[in-house]
Amino acid sequence: MNPSSIVAAKPNGSAVNGAELELSGLRRQFGGVAALDRVDLRIKPESLTVVVGPSGCGKSTLLRVLAGLDRPTEGRVMSDGVDVTLSPLGARDLAMVFQDYALFPHMTVAGNISFGLRLERRHDRRNGPSREFIDREVSRVAQLLNLESLLRRRPAQLSGGQRQRVALARAIVRQPRVLLLDEPMSALDVGLRATARTEILRIHRELRSTLVLVTHDQHEALTMATDLVVMDAGRVLQAGPPEDVYRRPANEFVARFVGSPAMNLRPTDAGSVGWRPTDGRLYPRGGEGDLVLTGVVERCEYTGSGQEVVCRDAHGTFTVVQQQGEEWVRPGDDVSVGVRQSALHRFDLFGDRIDG
Amino acid sequence: MHPTDRLRPAVAHALWHLVLAGASLAMAFPMLWSLLTSFKGPQDVFSPSPLPWPATLDNYAAVLSSWPVGMLVGNTFIMSAGVAAGQLVIAVLAGFALVVLAPRMRPAVLSACTIALAVPPQAIIIPQFLLTTRLGWQNSELGLIVPQLGTSALAVLLLVEHVAAVPAAQIEAAALQGARPIETLWHVVLPAIRPAILAVGILVFITTWNEYLWPLLIAPRSHDATVQIGLAQFQGEGGTDYGALMAASVLTSLPIVVVYIIASRRIIDSFIKAGLRP
Amino acid sequence: MKPLKLVGTLGALSLVLTAVSCSSTPSALSPANPVTITFSSYTYGVQGAAGTGTQKLLDAFAAAHPEVKVVPQSIPTADVLTKAKTDTAAGNPPDVVQIGYSKLAEAFQTLPVQSLEQIAGNEWKDHVSGINQALVNTGKKDGRVAALPFTVSIPTLFYNADLFRKAGLDPNRPPTSIDEVRTDAAAITASGHKGAYFGVVDSGKSDYLTQSVIDSAGGSTVGTDGSVTVDSPEAVRGLSSVQSLTRDGLQPAVGLDDATASFSSGDLGMFVVSTAVAGSLQKAAAGKFDLRSAAFPSFGAGKAAPTFSGAGLIVLSQDQAKQKAAWEFVKFLTSAEGYSIVTKNIGYLPLRADLADDPKYLKDYFASNRLLLPPLGQLAEVSPYRNFSGQNPNQAVVILQDDAVAPIVLRGADPQKTLSAVAGRIRELSGK
Amino acid sequence: MTQKAGWRPYLAPLILALAVWVYGPAVFTAVLSVMKWNLTTPPSGLVGLDNYASLFRHPEFARAAGQTILSALALLPFATIIPLVLAVMLWQRPGRASVVYRALLFVPVVVAPVAVATAWKFLLNPLQGLMNRILEVFGIPPVNWLGDPGTALLVLVAITAAKVVAFNLVLYTATLSGIDRALVSAAELEGATRWEISRFIVGPHVARTTVVLALLSVVLAGQWTFTSVSVLTQGGPDGVTDSVYYRIYALGFQFFDTGAASAAGVLVLLAFAVLATAWSVVRRSRRASH
């Protein structure tokens, strides 16, 4: 067997592939507050679905309901067409990586990784995994995640990145059909995040399980997702491929939340109009395009590949990104900005997108 | 004592030692004097001289030869260990249930525990005694141990906070890995609260070791009695042999004191962690 | 279930248990198939002479009677009745109990005390013929003897002959009356020691010495008709004269335990206390001072009339085989041999009159140990121990000791007033 | 993890233990208190409130109750201010010396009450005891500490006080450990004296603890004196060391007046119930006023 492959035959020989999840009419009430409010969502099999939203938007609750850690007040969770809303924990063939990893501090790395398999063996001596199988699986996953030299350590002796890899290893060693990740990168240094992202993507690719990742970082969401879900105030605002969400935000909130720097919005009589800072073009004087604004450069932020220019006009500030090679403006310059019609997003008085 | 401690820190420091050493001496004095007296011969027992000179081991020899020290200590050990183990099992199970399985029950159950703590033992001892004797548990380990499990309330109050301090995610992670509740308790919660369990266990052990009223009622016969009863019965009709009594006192208290000194940090820590900063 | 019913049910349950144990077939006693009986004793297992003496008795019995196995249980003096009662309440009464005479009446009322006469059958007459008849008759329940005297003593005046000499007194002429005790105590006090101590206040809260004092003064705690007479003029006079010793600084105002320690260390001149402690005092005095004894002093005109104290043996077993075994044990303890061991080792009096002169038993002992001779001489004229009547005689004794005797003797309470008040309480309690 | 069923077997042992050995007996005590029973012969029927009436007809119970309250009040400073001062002193200078002192100061909690009681009995022996020997040096006449109604209760309170101080010292230590030492360093940099630190940082921190400990000592003090009373004075002399707890024991197991003992037990429970209610009312009203 190719040791670098994540996919190994399960003891019963079935090949792993991700489950399809479907949430319908989900409500989760805490006291008088609804953390989830009539959520309907289909999570495609073998997708990497990223749920994104500001803190308190209900994304973590969504994940916990999926995992079975929380029971919905109303609504159903279906897995491959089977209602699992009330099925017990541990019977759902899913695994989860917690935000702070939740490693068992008194167990070694090997102990942490093998915990689930050992329980399986304990519960079913006859058909459960053999001791040899457990050892093999642990070393395979350890090799995959570069943990071989750490197997005997305890979590307290590991760095943040190492802990995250242990948590991942613990989650995937049983080859779950669904893998849930709760803000897996939030505890890592910036430098480690890229590596971690790569690792998660590789795991997703090879494991072929359905992966649901929750984050508040829209950049992470855009770069990793095959499917993106934007949430706010307990509701799903938009779900779809990241390009769709980015290009055609369903409402003002999504428009602002996804993409960096955030979309500029200007009120109009019928609602508002917005454009992405990358879609504007700066002119020292005068300008062209369907929308032209004038203002004064307030500050410039060099980003390496260009610079973000924050301008002020009578209605407030807006941002424009200048690419390398353009003639760079300076604070205090009077400028005008032109945006093409096709790059404009229009929203009605309720903030919903007006397609045109 | 305000400016002095900055002007003359040495004086303040000396004063500090003086007060604390004085308090320590005052608190430990009776036991200290017992220890010294236990080495005095019959002529010197009442001597005001602190030094047991000429020192003798006769008192210890007398106690060991005519007083069933081994049996008493053994009985007391079985009782104390039994009660400590029983209370820990009850408290850990309950703590787990109240934090993890049925958190809604927590306020009600903890109130019930607090009230139970306030019930004076003497006020309910007659029914306890009747029940124990009707069960045929008089003069038996069961009779000494089981009824004292009613005082598990303190252990519950102490341990439930520690269980609550175990990160919820660890417990959930275990459940997601397919652990049954009892396995989560055993593999995740227990190792996490082991120091607290040890501390509470030692506390219960010491309290039970020193229990007087219940063993007096249930097992006052010398062969079933505990050290406390044995000590209280030391005073025979022909007057008290204080040297021997002090030796017996030392022999039966010393193990506990040693256990305490070894574990005192832990015990105090457990109070601290239990939030028993009332 | 109604609580009342519950109690009834529990009671019924214990009856059933008892019935089960009754129905076991009595088998002949044989060494191969020994019967085990429990012996609840307050002299067993204690430090000092009483403990070792009791152990010797048990060893002797075990050697002579392999067919009976005795499991002794050490109970503090004050708890003998408590223990027997709670054991009985638990459906598991001890088979043989060494019970203090002050608690006998209550034991008869509340415990399943068996008639020894009945158990002994035709062995009875022969066995008890040599035992002090007054004491045997004290143990009667419903007209039949249910308690045989075992460890019995009468209060005696122990004195430190060295202190007598030091005070210029003649150690060969110990006091015989309370007035002489006073005079001698004054002399000893003047020489820098403690004068005398009447052990009327002990932590066991028994009243045998109180009775001795009152009876010697011509009174009684209980009248012949059962009436409470602790406030009679004689009683008041008796306790007043003990009180005056304290008041005048001739008697330390301390409890019996502290006085014992003081006498043992050689600082107390005279010590009036049960002979039960003779063994311990002898041990303490050995090599330290010249310990002697004299008869209990008289109070006023009449003769001294000390009350005996100590314990009898009662049998609680209901199983026939156990009863038989228990009788063997009781028989041995009250035999010439048993009494001799008790006397020699502990200091209780031999209750068979002929033992002291019998070369087989105690003649040699009394030849060299004169300590017990004065009380032995008084044994013939002891006044019987008297129990208060009513449901709870034990509580009456505690009230008498705690609320009257201790305040009067140790703390100078007014004897007449105090005794009247207490008599009222006891009358209420005993329904007289 | 909210597993719907499944918690019952975990909570059952506790519930069972409390029900069988605490709450059940409490109810049973109430039942016995309206009956006459001597433990061995069959109980009489209901006697109404006779047992309660007899408790109040004789002076013993009221006296015992008064003395119980008196000792609880006398113990208040030993439950609060003294252990607090010691705890603050230990807290001010952490280090090896503090650890040693703390261990020594906890000894009274650890050592068996019977051993402590006999040790005191020995030290306070009126004729030869060390205490009177020391007084003798100063020309003070000997005192019969445990035999004199004027001093006996005082001695028992003192013996209990050592235990209360030791126990509450630990609890105060726990409380003080909750103070952020950075706060203290900051105050020191500001030039606060040790007294000012105690007054403005420590004081507010321990206020609540002090109230609770005062209450706790009222509840537990009587129980803690029990062993000493039982071993040393049996309620005497002249009943001055009697407490309701010892009275219950004496009534029940020396006089076998189960009814009266139970009635006394019920009265103690009632007193605690009243105390608890008052406490919660005070707490609620204070919370409301905030």
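Throughout, a chain's letter reflects where its sequence line sits, starting with A, and its residues are numbered from 1.
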Spatial distance of atom NZ (D:K163) from atom CG (B:N210) [nearest 0.5 Å]
6.5 Å

Region of B:I256 in contact with chain D, defined by heavy-atom distances below 4.5 Å
both

Chain D contact via B:I115 - side chain, backbone, both or neither, heavy atoms under 4.5 Å
both

Hey, does B:L216 have a side-chain heavy atom less than 4.5 Å from the side chain of D:Y249?
yes

Heavy-atom nearest pair, B:G150 first then D:W21, reads CA-CB, 3.9 Å

Largest heavy-atom contact set with chain D, pairs under 4.5 Å, which of B:L176, B:I126, B:L149, B:V109:
B:I126

Option in B:A116, B:A91, B:S152, B:A28 with maximal non-hydrogen atom pairs under 4.5 Å from chain D
B:A116

Measure across D:A19 and D:P25 and return the closest heavy-atom pair with its distance rounded to 0.1 Å.
O-CD, 3.8 Å

Quick one: what part of D:Y23 sits under 4.5 Å from any heavy atom of chain B, side chain, backbone, both or neither?
side chain

Are D:F226 and D:Y245 an aromatic pair, judged by ring center distance below 6.0 Å?
no

Tell me, side chain or backbone of B:T37 under 4.5 Å from chain D's heavy atoms, or both, or neither?
side chain

Heavy-atom check, side chain of D:V107 versus side chain of B:M27, under 4.5 Å:
no

Contacting moiety of D:F122, where chain B heavy atoms sit under 4.5 Å:
both

Measuring from B:L20:CG to B:H17:NE2, what's the distance to the nearest 0.5 Å?
8.5 Å

If one checks every heavy atom of D:I248 against chain B at 4.5 Å, the contacting part turns out to be side chain

Answer key: most heavy-atom pairs under 4.5 Å with chain B among D:L86, D:L104, D:L11 is D:L11

Side chain, backbone, both or neither: which part of D:L105 has a heavy atom under 4.5 Å from chain B?
both

Below 4.5 Å, heavy atoms only, C-beta onward: do B:L203 and B:L158 meet side chain to side chain?
yes

When B:V156, B:L213, B:I125 are compared by non-hydrogen pairs under 4.5 Å with chain D, the top option:
B:L213

I need the minimum non-hydrogen distance between B:L72 and B:A225, along with the two atoms involved.
CD2-O, 3.5 Å

Look at B:P121, B:S253, B:A153 and state which one has the largest set of heavy-atom pairs under 4.5 Å with chain D.
B:P121

Sort B:I182 into side chain, backbone, both or neither according to what part of it lies under 4.5 angstrom from a heavy atom of chain D.
both

Looking only at D:S262, D:A119, D:A97, D:A12, most heavy-atom pairs under 4.5 Å shared with chain B are made by D:A119

Which region of D:V20, side chain (C-beta onward) or backbone (N, CA, C, O), has a non-hydrogen atom less than 4.5 Å from a non-hydrogen atom of chain B, or is it both or neither?
both

Chain D heavy atoms under 4.5 Å from B:A248: which part of the residue, side chain, backbone, both or neither?
neither

Are the side chain of D:T80 and the backbone of D:A214 linked by a donor-acceptor contact shorter than 3.5 Å?
no

Partner chain B: residue of D:I82, D:L18, D:V111 with the largest heavy-atom pair count (under 4.5 Å)
D:V111

Which of the residues B:P127, B:S34, B:S249 is involved in the greatest number of heavy-atom pairs with chain D at under 4.5 angstrom?
B:P127

Once the angle between the rings of D:Y101 and B:W16 is folded into 0 to 90°, is it parallel (under 30°), tilted (30 to 60°) or perpendicular (over 60°)?
perpendicular

Do D:F106 and D:L169 come within less than 4.5 Å of each other through their side chains, counting heavy atoms only?
no

So which residue, B:S24, B:A97, B:A94, ends up with the most heavy-atom pairs under 4.5 Å with chain D?
B:S24

Which atoms of D:V268 approach chain B - backbone, side chain, both or neither, heavy atom under 4.5 Å:
side chain

Which region of D:V27, side chain (C-beta onward) or backbone (N, CA, C, O), has a non-hydrogen atom less than 4.5 Å from a non-hydrogen atom of chain B, or is it both or neither?
neither

